[in-house]
Each structure stands twice: as structure tokens, then as C-alpha cells.
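Inspection log for the structure reproduced underneath, given as C-alpha cells.
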Number of protein chains: 2
Amino acid sequence: MAQAMFEGDDRSTPARIRDAALACFAERGVKATTVRQIAERAGVSAALVIHHFGSKERLRSACDRRVAALIRERKTAVMRSGSGLDPLAVLRDQAGDPPIQRYLARTLAEGTPEVAALVDEMVDDAARYVSEGMERGVLRRSDDPRGVAAVLTLWSLGAMVLHEHVERVLGVDLTGPAETHATNPAYVRPALEILSHGLVMPHWFDAIATASGAGDDTHSGSGSSASEEDT
Amino acid sequence: MAQAMFEGDDRSTPARIRDAALACFAERGVKATTVRQIAERAGVSAALVIHHFGSKERLRSACDRRVAALIRERKTAVMRSGSGLDPLAVLRDQAGDPPIQRYLARTLAEGTPEVAALVDEMVDDAARYVSEGMERGVLRRSDDPRGVAAVLTLWSLGAMVLHEHVERVLGVDLTGPAETHATNPAYVRPALEILSHGLVMPHWFDAIATASGAGDDTHSGSGSSASEEDT
DNA sequence: ACGGCGGGTAAACGCGCGTTCAATACTATA
DNA sequence: TATAGTATTGAACGCGCGTTTACCCGCCGT
């Protein structure tokens, strides 16, 4: 009874239940959400939730597919508009309701096949966009454009999963609406700095790369000490 | 009875229980782990687990503190050895047992105060190391060294949380022992490339930065369209 | 010898979960 | 109007959870 059906709610009952589940999963996580909570939010009985979806697990799967569908739908528009480098751009401006970003932040680490497929698609899209950017001279060339795209995508999604820490450390809520963080320098500025100018000085890069064996695909063990690499 | 006590196990019973819980939490997650599973793994009864720790939640808190302690202990050694730029370096080489990395990967997104404090410390350490690197001319200068360090740390930890996706996409297990991935080019190479050479060409960086408002701390709204920025 | 005490346990308790069931309200077709 | 079928429900079921209880046993000080 917490959120009874509005008169003008034209969604079907299964759709309303699914959206209620989506919101609950996003707020509390899947395991911490009970079927009764979902039912209450959708303004129906717990029995009806099971009647329409068979089980909580299948409802969760329906939510996964719903999120994937919404993102795919939005993706074409975003890529057409030209900012395909940023996987988070696809997630932004989803009008916050249903809360897709928080749902993904909760689900990305849980390893469902639907989400895995979605991540794979994001990497593919990013790879396409990175390659294109390199050909057009916007991005620096690389031997491994797909690797670059993958790392880029995973870093972005990782930051989204850790949004709580990002907010505490930098004061930026990555799961909020775009305008609250897309122009917020606290996160964007350092990220842009790193991605454009780079961080390590070129001279030192060579030393690090050869020492860690990453500068040579057919590297020898190099028997190095504790000196490590990457971020 | 799955893993009864060895004769030569000199750990106290509470310590054995805590380590068993650590392993279970790392493998299955906290909510999915039952007190009885922990008890069985430690070779004791479920009642004894509660007797020693009061509740499952306080046992979990003890695990958090244990992990934090192990990392802090290792930290000084790693920083002394000179590779403080990489927060993952601190997590590596923990001898895999107990599985600290997987525990953190599970816990980083769950928002306990102990882990939050640990992340804050990692950011502080990275900030110190980044500033030092800039002064020594190893790293490129920045107006916001702490922001750079924070983004770096969060990207690394995010990749660790998404280790499952990293492994599927790039074939690198970030939660495994160091030698399996520290020299694996699939992840390290693109990451190093981005961090050293940068990605976006300098000429384009200015355009992006001003368009997104990140190039100016006292920026005007710029009323931009869908064109976004960052990773 | 013995009493108490701390480590340890088996059994049970109560709760809340996902799910099932039998019955009711509603709607459309014949 | 009768009938079939679907949407929806309250109540209950069974299970497994975290936790509690009552009890046991071996050791140590006296």
C-alpha cells in the first residue's frame, strides 16, 4: 500500500511489478530485497508477483533484460550523437526513473549472464569507437585498440560500482543525473588529465614497461623484484 | 567436518573461525554465506561461532578489520620498496591464503565503514606517492595531484571488483597471484599505454575540456548538447 | 578429591523467507 | 444469463537462517 497504483498508470501489472523490483534491487540489492517489499511497492500481493514471474530469480532475470533493453535502445541515439567514447554517457540521462545506474552498480559485480553480455557489448562498442577515433586522428594510435577500449570501459564501470567511495572521496555522485557530475571537475578533471596528457613521463615509461615485461609480447621472465606497474 | 583442524594448526580457535569466515565471504559473498558453513569449514559447531563473535555481523566486522590490518602491515613494506603508485601492488603477493583480494572485491561495493576507511587510506597513500613522483619528475605535474591519485586508486579497485568481467574480456585474473597477471600484457599493456602516453590527442583535449566545463573551475553552463567527456 | 569454569556442543526456537494453495472477483464470450 | 478463464488475494506451508538454551567435559587451584 506504500505506492498504490495511480489512476493514470498505463503500465500493465507485470510491468509495474518489474519496475518496482528494479527500484528495490537498485536501492537495497537483490538478496536484501524481499518479494513482499516488491509487492508492496507495486501495490499488489506477494502471491501475484510469483504468479506473473514464476520465481524471484526469474523476476530478477526480467529486470536484467529490461535494463539491457533500455540501454541498447538509448545506445544508438548516443552513438549517433557522437560521444561514444564514454560508456557512462550511455547510462546517463536515463531520467533517473527507473534507476538503471544504481541497478547496474549493484549487479555488475554479481555475475549474471545478461549483465555479462551487456558488458561485452559495451566493450565492443567502445572498441569500434576507439578504432574510429584513432583513424580520424582524435585518439593516439595503439597496437591494441580493443585492449585500450576494454580497459577504458572497465575503469568507467568500476568507478560506477564504487560510486559510494567516489562520492565520499571526491564528492561526486556518479549514479545521479548527468548534470550533477558530468560537469563536476572533481572527477572529470583528473580523469581527463590522465586520459589526455598521460601520467607517467615518457622517459620513465620505457623503463617501467620493459621491467614489468609488458613492453614486449614475447617477454622473458626478467626476474624483477618488487617494482610493479599499471595504475 | 570438511576441513577439520590440523594437528599442527597453532592458530587459536577464534582466529581459525575468523579465517574460515574470511574464506567463505570471499568465495560466496557475505549474505550468501551461512554461519553453519563457516563453522563446518573451521571444524567447529555453529554455536561456537556465535559464542566467540556474538553475531554474524560482528564476525564480518572482525574480518574487515583483519583484512585492513594485513594490508596495512604489507603496505609499509611495499612503499619502502618503491612501487607505491599501484594500489593493487599492496594487495598482491598476499600468498593467496587467506584470499584477501577476493574478499575485498566482494566487500568494496557493500559500504562497510572499515572498508571505507581502508579506501581512504589507500587514496591518501597514493596522493602522497603521486605528489612525490611529480616533484621527482617521474610523473607529469597536475593542479590536482590528490584528484589524480583518487581517480587512479578508484579505477584500480574498480577493476578488481569487476575481476570477473576483466577475466572474461581480457583473460586476466586480477584476483590471482601476482605472477599470473602482473606481467600479463592483456591488461597491463593498455593500462600502461593510457597512463603514460595518454589517449586523447592534445589538440582535441582542449575542445573537450572547455565543452564539458571541466577545463574551467568557475565554468559557465555552456548549455551543451549530448557531447560528453571522461573515460 | 572436588568444585567451578571456560571451551565446546546438540538441539531447539522463532522468525522471515520464497513459494503454494484454495478461493474470490472480474470480464468476455456464447 | 450461464460459463469459462484470468487476475488477484489471504492464508498457510516448509525450510533454513541466526541465535539461544541447557548441558557436557577436561583441566586447574585448593
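To find a chain, count down the sequence lines: A is the first, B the second, and so on, and within it residues start at 1.
- To the nearest 0.5 Å, atoms OG (B:Ser12) and CZ (B:Arg18) are separated by 7.5 Å.
- Heavy atoms from other residues, nucleotides or ligands lying under 6.0 Å from CZ of B:Arg168 number more than 12.
- Put simply, the side chain of B:Arg106 gets close to the backbone of B:Glu27: a donor and an acceptor are under 3.5 Å apart.
- The nearest whole Å value for the distance from the CZ atom in B:Arg60 to the P atom in D:dT19 is 13 Å.
- Proximity of a side-chain donor or acceptor of B:His165 to a complementary backbone N or O of A:Leu108 within less than 3.5 Å is detected.
- Rounded to an integer number of Å, the gap from B:Lys56 NZ to D:dG18 P is 4 Å.
- One can place CD of B:Glu57 at 12 Å from P of D:dG18, the figure rounded to the nearest angstrom.
- B:Arg16 has no carboxylate O lying under 4.0 Å from a charged side-chain N of B:Asp19, or vice versa, which leaves the two without a salt bridge.
- Axis angle across the helix from C:dA1-D:dT30 to C:dA30-D:dT1, with five pairs used at each end and values rounded to 10°: 10°.
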Report each atom pair, protein N/O against N/O of nucleotides 8-13 of chain D, whose distance is under 3.5 angstrom.
{"unit_1": "D:dT8", "atom_1": "OP1", "unit_2": "A:Thr13", "atom_2": "OG1", "d": "3.4"}
{"unit_1": "D:dT8", "atom_1": "OP2", "unit_2": "A:His52", "atom_2": "NE2", "d": "3.4"}
{"unit_1": "D:dT9", "atom_1": "OP2", "unit_2": "A:Ser45", "atom_2": "N", "d": "2.9"}
{"unit_1": "D:dT9", "atom_1": "OP2", "unit_2": "A:Ser45", "atom_2": "OG", "d": "3.1"}
{"unit_1": "D:dA12", "atom_1": "N6", "unit_2": "A:Arg36", "atom_2": "NH2", "d": "3.4"}

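- Atom CD1 in B:Ile50 sits roughly 15 Å away from atom P in C:dG8 (whole-Å rounding).
- What separates NZ of A:Lys31 from P of C:dG16 is a distance of 18 Å, to the nearest Å.
- Aromatic ring pairs are classed by plane angle as parallel below 30°, tilted from 30° to 60° and perpendicular above 60°; the pair A:Tyr103 and A:Phe25 is tilted.
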Under 3.5 Å donor-acceptor pairs involving side-chain atoms of residues 42-53 of chain B, not counting sequence neighbours:
{"unit_1": "B:Ser45", "atom_1": "OG", "unit_2": "B:Leu48", "atom_2": "N", "d": "3.3"}

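- Note: CZ (A:Arg58) to C1' (C:dG18) measures 14 Å, nearest angstrom.
- To the nearest 0.5 Å, atom CZ of residue A:Arg102 and atom CG of residue A:Leu174 are 10.0 Å apart.
- B:Ile17 has its CD1 atom 11 Å from the P atom of C:dG7, to the nearest Å.
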